[in-house]
Amino acid sequence: MKNRFLRRAGRVLVTLIVVAAAAGVGWRLWDNNMNDPWTRDAHLRADVIGVTPDVSGLVTEVLVHDNQTVRKGDILFRIDRRRFAIALEQAEAVAQGRQATLEQARRDLDRLEHLDDAVVTVQKREQARSTVMEAESDYRQAVAARDLAQLNLDRSDVKASVNGTISNLSLRPGDYVGVGQPIMALVDSDSMRVEGYFEETKLGRIEVGAKAVIKLMGQPGTLTGRVESIAAGIEDRERAAGSLLANVNPTFTWVRLAQRVPVRIALENVPAEARLVAGLTATVVVDHGSGS
């Protein structure tokens, strides 16, 4: 009888232990899914610069091809330089002429300043001083025009403003480009980061500086990073544009969806074999015990 009781008690105890372990595992899984800072709604992002010429003209040479990696300062394409070279030569000639006029006016004023008052009137000296001032003004304008012509000539070589990759290139020699007209896209490789959209219920466990593990969809291995910042606000969809009153949608008391807040994550120690393409989907897990 006693042995039978002990066996029953043992089975009950084992059952309780198994139930307790299952409950603990279930609670941990639920807590991990509901509260731990992770999301599948994340994307690889980068700043995209629209390459835009500062001068207009015919394209004489395209030095890059689509999807090419470039460095800051590399020449992407050239605009016909002859017109700008002629304008610079004209501006240089005008500046030299204005300089000669200014030097002559200064010499005339210096001679008048050294003559006796009985020979030169006060009015004559004042006119000479005024002539020098006008000549100085004309010379400064000519120098500014020359500098502008030089700048236009320099800007006829359109260069990469950042390190990155050329995208959406269809430019060919002979095309005409205008000022402010975007020609191609330059994806800034130095701005590559991950932006994850975390539920508001998980923000309490995310700290700036916390470590993050990133898994890009379709690529082996993982990347590492750190939380750089958390968005300060998101759009309130309950408010209609231009209305002073809130247009509140009906809310079901048994369904309340959490808002998603953007969290910016800076990449660290990216492997050379990793293929980073802006727009890729990623899964992000933040270590909520590693904040700064």
Side-chain angles (χ1 to χ4, degrees), residues 21-50 67 69-72 161-168 185-239 249 251-252 254-292:
V25 172
W27 169 258
R28 183 67 189 97
L29 291 174
W30 183 88
D31 184 63
N32 176 74
N33 184 69
M34 298 301 295
N35 298 319
D36 274 6
W38 73 278
T39 182
R40 291 192 183 95
D41 189 10
H43 295 86
L44 202 59
R45 301 292 189 198
D47 296 335
V48 180
I49 293 92
N67 300 323
T69 299
V70 297
R71 305 293 297 176
K72 181 178 180 179
S161 58
V162 296
N163 302 324
T165 303
I166 297 298
S167 182
N168 195 29
L186 176 57
V187 181
D188 185 357
S189 58
D190 295 333
S191 69
M192 199 71 70
R193 75 267 182 187
V194 173
E195 292 185 2
Y197 301 95
F198 289 82
E199 295 175 351
E200 57 187 319
T201 55
K202 300 179 179 181
L203 291 182
R205 298 191 179 189
I206 299 178
E207 298 180 9
V208 174
K211 295 180 181 179
V213 177
I214 301 107
K215 177 68 172 70
L216 297 178
M217 183 178 293
Q219 296 194 26
T222 59
L223 304 177
T224 59
R226 285 190 177 273
V227 175
E228 192 173 57
S229 62
I230 301 174
I234 57 176
E235 183 179 359
D236 186 355
R237 295 188 301 272
E238 304 296 343
R239 293 184 177 270
N249 293 326
T251 300
F252 298 100
W254 62 89
V255 177
R256 190 175 185 183
L257 300 178
Q259 298 286 352
R260 291 184 176 270
V261 178
V263 175
R264 181 167 173 151
I265 299 169
L267 297 173
E268 294 182 339
N269 304 321
V270 178
E273 64 274 11
R275 179 170 295 178
L276 303 184
V277 179
L280 291 182
T281 303
T283 297
V284 178
V285 179
V286 176
D287 184 357
H288 58 272
S290 63
S292 58

S.K.: Under a 4.5 Å cut-off applied to non-hydrogen side-chain atoms, are Thr39 and Val263 in contact?
M.R.: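 Thr39 vs Val263: side chains apart.
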S.K.: Taking all atoms of both residues into account, what is the closest heavy-atom pair of Ala42 and Val194, and its distance?
M.R.: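 So the minimum-distance heavy-atom pair works out to CB-CG1, 4.2 Å.
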S.K.: Given Ile166, which of Thr69, Asn67, Val70 fulfils the side-chain contact (heavy atoms from CB on, under 4.5 Å) condition?
M.R.: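 Testing Ile166 for a side-chain contact (heavy atoms from CB on, under 4.5 Å) against Thr69, Asn67, Val70 leaves exactly one candidate, Val70.
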S.K.: At what distance, to the nearest 0.5 angstrom, does CD of Gln219 lie from CD1 of Ile214?
M.R.: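 Gln219 CD to Ile214 CD1: 12.0 Å, rounded to 0.5 Å.
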S.K.: Drop me the distance from Ser191's OG to Asn163's CG, to the nearest 0.5 angstrom.
M.R.: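 Those atoms lie 10.5 Å apart.
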S.K.: Closest heavy-atom contact between Leu186 and Ser161?
M.R.: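 Here Leu186 and Ser161 meet closest at CD2-N, 4.2 Å.
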S.K.: Just wondering, do Leu267 and Met192 contact through their side chains at under 4.5 Å, heavy atoms?
M.R.: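 SC-SC contact between Met192 and Leu267 confirmed.
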S.K.: Which atom names give the shortest non-hydrogen contact between Arg45 and Tyr197, and what distance separates them?
M.R.: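 Closest approach of Arg45 to Tyr197, heavy atoms only: NH2-OH, 3.7 Å.
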S.K.: Look up atom CD1 in Ile265 and atom CG in Leu44, then write down how far apart they are to the nearest 0.5 Å.
M.R.: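 These two atoms lie 11.0 Å from each other.
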S.K.: Can you spot which of Thr165, Asp47, Val48 makes a side-chain contact (heavy atoms from CB on, under 4.5 Å) with Asp188?
M.R.: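 Single side-chain contact (heavy atoms from CB on, under 4.5 Å) partner of Asp188 among Thr165, Asp47, Val48: Asp47.
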S.K.: Which atoms form the tightest heavy-atom contact between Ser229 and Val208, and what is the distance?
M.R.: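 Residues Ser229 and Val208, closest heavy atoms: CA-CG2, 4.4 Å.
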S.K.: Quick one: NZ on Lys72 to OG on Ser189, what's the gap to the nearest 0.5 Å?
M.R.: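 Result: 12.0 Å between the selected atoms.
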S.K.: Less than 4.5 Å apart, any side-chain heavy atom of Pro37 and any of Leu203?
M.R.: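 Side-chain contact under 4.5 Å: no.
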S.K.: Would Leu223 and Leu216 count as a side-chain contact (heavy atoms from CB on, under 4.5 Å) if you check the C-alpha gap in whole Å, the side-chain angles of each, and the deciding distance to 0.1 Å?
M.R.: CA-CA 8 Å; Leu223 304 177; Leu216 297 178; 3.9 Å; yes
S.K.: Taking atom NZ of Lys211 and atom CG of Asp287, what is their separation to the nearest 0.5 Å?
M.R.: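 The NZ atom of Lys211 sits 7.0 Å away from the CG atom of Asp287.
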S.K.: Show every salt bridge (Lys or Arg N to Asp or Glu O under 4.0 Å) that has at least one partner inside residues 266-280, sequence neighbours left out.
M.R.: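 Qualifying pairs: Arg226-Glu268.
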S.K.: Are Phe198 and Ile230 packed together at the side-chain level, in the sense that at least one heavy-atom pair is separated by less than 4.5 angstrom?
M.R.: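 Of all side-chain heavy-atom pairs linking Ile230 with Phe198, none is under 4.5 Å.
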S.K.: Just how far is it from atom OG1 of Thr201 to atom CD of Gln259, taken to the nearest 0.5 Å?
M.R.: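 If I round to the nearest 0.5 Å, the distance is 11.0 Å.
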S.K.: Of all residues at least two apart in sequence or in a different chain, which pass the side-chain hydrogen bond (donor to acceptor under 3.5 Å, both in side chains) check with Glu228?
M.R.: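 Listed in chain order: Arg264.
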